[in-house]
Enquirer: 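Can you keep this structure in mind? I'll have questions shortly.
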Amino acid sequence: MSVQDHAAVTVRAAVADDAASIAGLVAALEGSGARVGEVARRLERLLDDQDTGVLVAERSGAVVGWGHVFVAHRLQVATFAELGGLVVAPEQQRRGVGTALLAASEAWARGRGVGEMRIRSRVERDGAHAFYAARGFEARKRQTVFVRPLG
């Protein structure tokens, strides 16, 4: 383990200046480049939304993960919070970063009076499924996402 492995993880609300770090982490997850400008525009919109929280995890002053949580309002079910994304730098995985981001996301939701957190995870992400299951989440259903461009 490096010295950095022993440094505390801190979680804070994201700010506009975090866009480049967030874009870098998206690229690491997806294996393709996320344009910083696009991420910055999306982040700006999300930071203005009272029903959305964007959090970043830092270790030794560097952003090593981010989480996106939002309040979901549906007609057919009670309001819930959904984790829209949770990404941890590959070299920081299994070192408490994801756990800290998940805990902060849950606290954010509780602070808004929400009583349930949901997470959607792609079927091939077995490691993520194990991470969430180990933290008390249960798989309830599988679904298919249909997409149609509106251009």
Side-chain angles (χ1 to χ4, degrees), residues 1-72 80-112 114-147 149:
M1 278 192 187
S2 69
V3 173
Q4 188 175 14
D5 292 336
H6 298 289
V9 174
T10 58
V11 177
R12 62 170 173 78
V15 296
D17 287 345
D18 292 319
S21 296
I22 291 170
L25 290 165
V26 169
L29 173 72
E30 298 297 333
S32 62
R35 295 193 177 129
V36 176
E38 291 173 3
V39 171
R41 283 188 293 282
R42 292 178 196 141
L43 179 60
E44 185 177 343
R45 277 193 309 271
L46 293 175
L47 293 177
D48 287 339
D49 183 349
Q50 295 299 310
D51 278 346
T52 300
V54 180
L55 308 167
V56 293
E58 291 182 317
R59 178 169 270 149
S60 299
V63 173
V64 296
W66 61 266
H68 167 212
V69 60
F70 60 93
V71 177
F80 59 92
E82 185 165 326
L83 194 64
L86 190 142
V87 178
V88 176
E91 70 278 3
Q92 293 293 323
Q93 292 175 2
R94 295 179 179 81
R95 292 184 169 90
V97 177
T99 299
L101 282 165
L102 183 57
S105 297
E106 290 175 339
W108 180 93
R110 275 190 220 95
R112 280 146 185 84
V114 179
E116 181 179 88
M117 174 77 80
R118 295 185 183 185
I119 300 165
R120 297 173 200 270
S121 182
R122 291 195 332 221
V123 295
E124 68 272 11
R125 297 203 187 276
D126 294 329
H129 301 173
F131 171 82
Y132 296 125
R135 282 147 188 84
F137 288 84
E138 68 177 55
R140 289 215 182 138
K141 68 178 180 178
R142 294 205 182 260
Q143 62 187 44
T144 300
V145 175
F146 294 88
V147 178

Enquirer: Would you name the heavy atoms of Ala57 and Val97 that are closest together and state the gap between them?
Expert: CB-CG1, 3.7 Å
Enquirer: Sort and list the pairs that fulfil side chain to side chain donor-acceptor pair (under 3.5 Å) and have at least one residue in residues 10-24, not counting sequence neighbours.
Expert: Arg12-Asp18, Arg12-Glu58
Enquirer: Say you draw a straight line from OH of Tyr132 to CZ of Arg125; how long is it, rounded to the nearest 0.5 Å?
Expert: 9.5 Å
Enquirer: Examine distances only and state if a side-chain atom of His129 and a backbone atom of Glu124 form a donor-acceptor pair shorter than 3.5 Å.
Expert: no
Enquirer: Got a donor-acceptor contact below 3.5 angstrom from the Gln93 side chain to the Val88 backbone?
Expert: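 Yes, because the side chain of Gln93 sits within donor-acceptor range (under 3.5 Å) of the backbone of Val88.
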Enquirer: Looking at every non-hydrogen atom in both residues, tell me the closest pair between Met117 and Ala109 and how far apart they are.
Expert: CE-CB, 4.4 Å
Enquirer: Once you round to the nearest 0.5 Å, how far does CD of Glu82 lie from NE2 of His68?
Expert: 9.0 Å
Enquirer: Quick one: pull up CZ in Arg118 and CZ in Arg140 and give me the separation to the nearest 0.5 Å.
Expert: 6.5 Å
Enquirer: Check Ala23 against Val39 and note the closest heavy-atom contact, atom names and distance.
Expert: CB-CG2, 3.8 Å
Enquirer: Taking CD in Glu44 as the centre, count heavy atoms belonging to other residues, nucleotides or ligands within less than 6.0 Å. Is the count above 12?
Expert: no
Enquirer: Kindly compute the distance separating CD1 (Ile22) from CZ (Arg42), expressed to the nearest 0.5 Å.
Expert: 11.5 Å
Enquirer: Output, in order, the C-alpha distance, side-chain angles, deciding distance and verdict of side chain to side chain contact (heavy atoms under 4.5 Å, CB included) for Asp49 and Phe70.
Expert: CA-CA 9 Å; Asp49 183 349; Phe70 60 93; over 6 Å; no
Enquirer: Determine the sole option in Val11, Ile119, Leu55 for which the side chain to side chain contact (heavy atoms under 4.5 Å, CB included) test with Ser105 is passed.
Expert: Leu55
Enquirer: Leu43 and Ala14: which non-hydrogen atoms are nearest, and at how many Å?
Expert: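 Closest heavy-atom pair between Leu43 and Ala14: CD1-CB, 4.3 Å.
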Enquirer: Counting C-beta onward and ignoring hydrogens, is there a side-chain heavy-atom pair between Leu102 and Phe137 closer than 4.5 Å?
Expert: yes
Enquirer: Take Val54 and Trp108 through the test side chain to side chain contact (heavy atoms under 4.5 Å, CB included) and record every step on the way to the result.
Expert: CA-CA 10 Å; Val54 180; Trp108 180 93; over 6 Å; no
Enquirer: Taking the side chain as every heavy atom from C-beta outward, state whether Gln50 and Arg112 have any pair of such atoms under 4.5 Å apart.
Expert: no
Enquirer: Looking only at non-hydrogen atoms, find the nearest pair between Leu47 and Ala16 and report the distance.
Expert: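 Smallest heavy-atom distance, with atoms named: CD1-N, 3.7 Å.
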Enquirer: Measuring from atom CG of Leu46 to atom CG of Asp51, what distance do you get when rounded to the nearest 0.5 angstrom?
Expert: 11.5 Å
Enquirer: Can you find a pair of side-chain heavy atoms, one from Val9 and one from Arg95, that are under 4.5 Å apart?
Expert: no
Enquirer: For Gly67 and Leu101, which heavy atoms make the closest approach, and how far apart are they?
Expert: N-CD2, 3.9 Å
